[in-house]
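The structure appears below as structure tokens.
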Amino acid sequence: VWCPMAPEFFREYLAIKNRKRKLLCVMNPNKFRACQFLVRYHERRNDKVIVFSDNVFALRHYARKMDRPFIDGPTSQSERLRILQNFIHNPKLNCIFISKVGDNSFDLPEANVLIQVSSHGGSRRQEAQRLGRILRAKKDSVAEEFNAYFYSLVSQDTQEMHYSTKRQRFLVNQGYSYKVVTKLVGLEEEQDLGYSTKREQAEILQKVLAATEADAEEEKATGDRKSG
């Protein structure tokens, strides 16, 4: 899903040459709004949604803004278990946010929707792992032509486009098909999406600019290694 960069964010993106450029891409207000719209859409369908972000700064911000639980490296084992059990068994909790720790730490066959807001460069291994999770159809679902959904949200005209193209090539080679969505139908009509005003966008931009370069880094998962 292509998400246009908000003008002020794009201006800063072009001016900055350090790692904070990645943070500007993932914190793009239009990406947040697309994510929130997709979460609401699938929650209304009673789907089980996982939002993945390799960047912890963005993960926590998205989750808190949408008032959904999140799991990242520092989350205790007992808290992880509580969130996961709630996600599996509580019909009122249909969306959780997970960092890179979720790639290897636990299995969630209940989830049939995955939204990726920040991903590990062009890692094909990671993409295949995450895609494999949602291709297991939910046991109790009404039979549909498409029962599993994988969305990768990409900020337009940024380095994310290059990484996205790299991963798409891999998926095609593995026999998967994909569709580029340049506009989400219904997004503009959805009420009360976050960062819809210039003032809100300016406020979050200041938070991003005040963040450290460490905040712009991706989480280092256990046993993580660079893979193409």
Side-chain angles (χ1 to χ4, degrees), residues 1-43 49-75 95-102 113-121 151-164 181-184 186-220:
V1 180
W2 288 4
C3 308
M5 281 286 273
E8 293 78 8
F9 275 67
F10 193 52
R11 192 177 304 119
E12 293 293 341
Y13 174 84
L14 294 176
I16 289 175
K17 300 302 178 188
N18 57 30
R19 292 183 180 128
K20 212 177 282 188
R21 296 182 97 199
K22 289 183 182 178
L23 199 55
L24 286 163
C25 293
V26 68
M27 294 297 290
N28 173 15
N30 289 325
K31 182 183 281 196
F32 177 90
R33 294 173 72 243
C35 179
Q36 189 175 26
F37 172 78
L38 288 169
V39 166
R40 287 182 182 178
Y41 171 79
H42 284 286
E43 283 182 333
V49 185
I50 296 177
V51 181
F52 261 108
S53 174
D54 292 352
N55 178 274
V56 174
F57 180 96
L59 175 89
R60 294 176 178 178
H61 190 87
Y62 273 60
R64 287 166 177 155
K65 182 77 172 171
M66 293 189 212
D67 195 23
R68 301 290 187 278
F70 64 86
I71 296 172
D72 60 13
T75 307
C95 174
I96 58 175
F97 286 71
I98 299 178
S99 73
K100 198 186 292 186
V101 297
V113 180
L114 199 154
I115 303 170
Q116 194 168 253
V117 297
S118 160
S119 58
H120 187 198
Y151 300 96
S152 188
L153 306 188
V154 180
S155 288
Q156 272 182 270
D157 302 313
T158 71
Q159 61 196 26
E160 287 190 345
M161 299 283 281
H162 168 71
Y163 293 137
S164 174
V181 178
T182 56
K183 186 175 182 181
L184 288 169
L187 186 146
E188 296 304 325
E189 292 75 37
E190 185 77 17
Q191 298 294 311
D192 302 320
L193 290 176
Y195 306 123
S196 297
T197 68
K198 291 290 184 186
R199 181 183 60 80
E200 288 178 304
Q201 292 184 14
E203 287 174 358
I204 189 58
L205 177 59
Q206 289 310 309
K207 287 184 180 177
V208 172
L209 295 177
T212 65
E213 281 210 37
D215 289 329
E217 289 290 325
E218 293 171 349
E219 181 177 58
K220 295 288 187 286

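Salt bridge Glu8/Lys198: present, at least one basic N to carboxylate O contact under 4.0 Å.
Across every non-hydrogen atom of Val39 and Cys95, the tightest pair is CG1-SG, 3.8 Å. Nearest approach of Gly194 to Gln36, heavy atoms of both residues: N-OE1, 2.7 Å. Closest approach of Met5 to Leu24, counting heavy atoms only: CE-O, 4.0 Å. In plain terms, the two heavy atoms of Asn30 and Pro4 that are nearest each other are ND2-O, 2.8 Å. Here the closest heavy-atom approach between residue Pro29 and residue Ile204 is recorded as CG-CG2, 4.4 Å. Taking both residues in full, the closest heavy atoms of Trp2 and Thr182 are given as CE3-CG2, 3.6 Å, listed atom of the first, atom of the second, then distance.
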Margin query: Would Arg33 and Leu187 count as a side chain to side chain contact (heavy atoms under 4.5 Å, CB included) here? Give the steps.
Written below: CA-CA 8 Å; Arg33 294 173 72 243; Leu187 186 146; 3.8 Å; yes

Check: side chain to side chain contact (heavy atoms under 4.5 Å, CB included) between Cys35 and Tyr62: does it pass, once the steps are laid out?
Finding: CA-CA 9 Å; Cys35 179; Tyr62 273 60; 4.0 Å; yes

Next item on the list: Before giving the answer on salt bridge (charged side-chain N to carboxylate O under 4.0 Å, His left out), spell out for Arg199 and Glu203 the whole-Å C-alpha distance, their side-chain angles and the decisive distance to 0.1 Å.
Entry: CA-CA 6 Å; Arg199 181 183 60 80; Glu203 287 174 358; 2.8 Å; yes

Next item on the list: Check the pair Glu217, Phe57 against side chain to side chain contact (heavy atoms under 4.5 Å, CB included), reporting the backbone distance first and the verdict last.
Entry: CA-CA 9 Å; Glu217 289 290 325; Phe57 180 96; over 6 Å; no

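For Lys31, the salt bridge (charged side-chain N to carboxylate O under 4.0 Å, His left out) partners are Glu160, not counting sequence neighbours. The side chain to side chain donor-acceptor pair (under 3.5 Å) test applied to Glu190 returns Arg40, Arg44, not counting sequence neighbours. Scored by the salt bridge (charged side-chain N to carboxylate O under 4.0 Å, His left out) test, Arg11 finds no partners at all (sequence neighbours excluded).
Atom CE of Met27 is separated from atom NE2 of His61 by 4.0 Å, given to the nearest 0.5 angstrom. Separating the CD atom in Glu200 from the CG atom in Leu193 is a distance of 10.0 Å, to the nearest 0.5 Å. Rounding to the nearest 0.5 angstrom, the gap separating the CZ atom in Arg60 from the CG atom in Asp215 is 9.5 Å. Atom-to-atom distance recorded for Lys22:NZ and Tyr163:OH is 5.5 Å, nearest 0.5 angstrom. In this structure, CZ in Phe70 is found 4.0 Å from CZ in Arg64, a value given to the nearest 0.5 Å. Summarising the geometry, atom CZ belonging to Arg21 is positioned 8.5 Å from atom CD1 belonging to Ile16; distances are rounded to the nearest 0.5 Å.
Note on ring orientation: taking the six-membered ring where Trp is involved, the planes of Phe32 and Tyr195 are perpendicular (angle over 60°, cut-offs 30° and 60°).
A donor-acceptor pair is defined here as one N or O able to donate and one able to accept, closer than 3.5 Å; no such pair exists between the side chain of Lys20 and the backbone of Ala216. In this structure, the side chain of Asn28 does not engage the main chain of Cys25 through any donor-acceptor pair within 3.5 Å.
For Lys65, the NZ atom is densely surrounded, since the number of other residues' heavy atoms within 6.0 Å is greater than 12. Atom CG of Asp67 has 12 or fewer neighbouring heavy atoms from other residues, nucleotides or ligands inside a 6.0 Å radius.
For the side-chain contact (heavy atoms from CB on, under 4.5 Å) with Ile115, the lone residue among Val1, Ile50, Leu153 that qualifies is Leu153.
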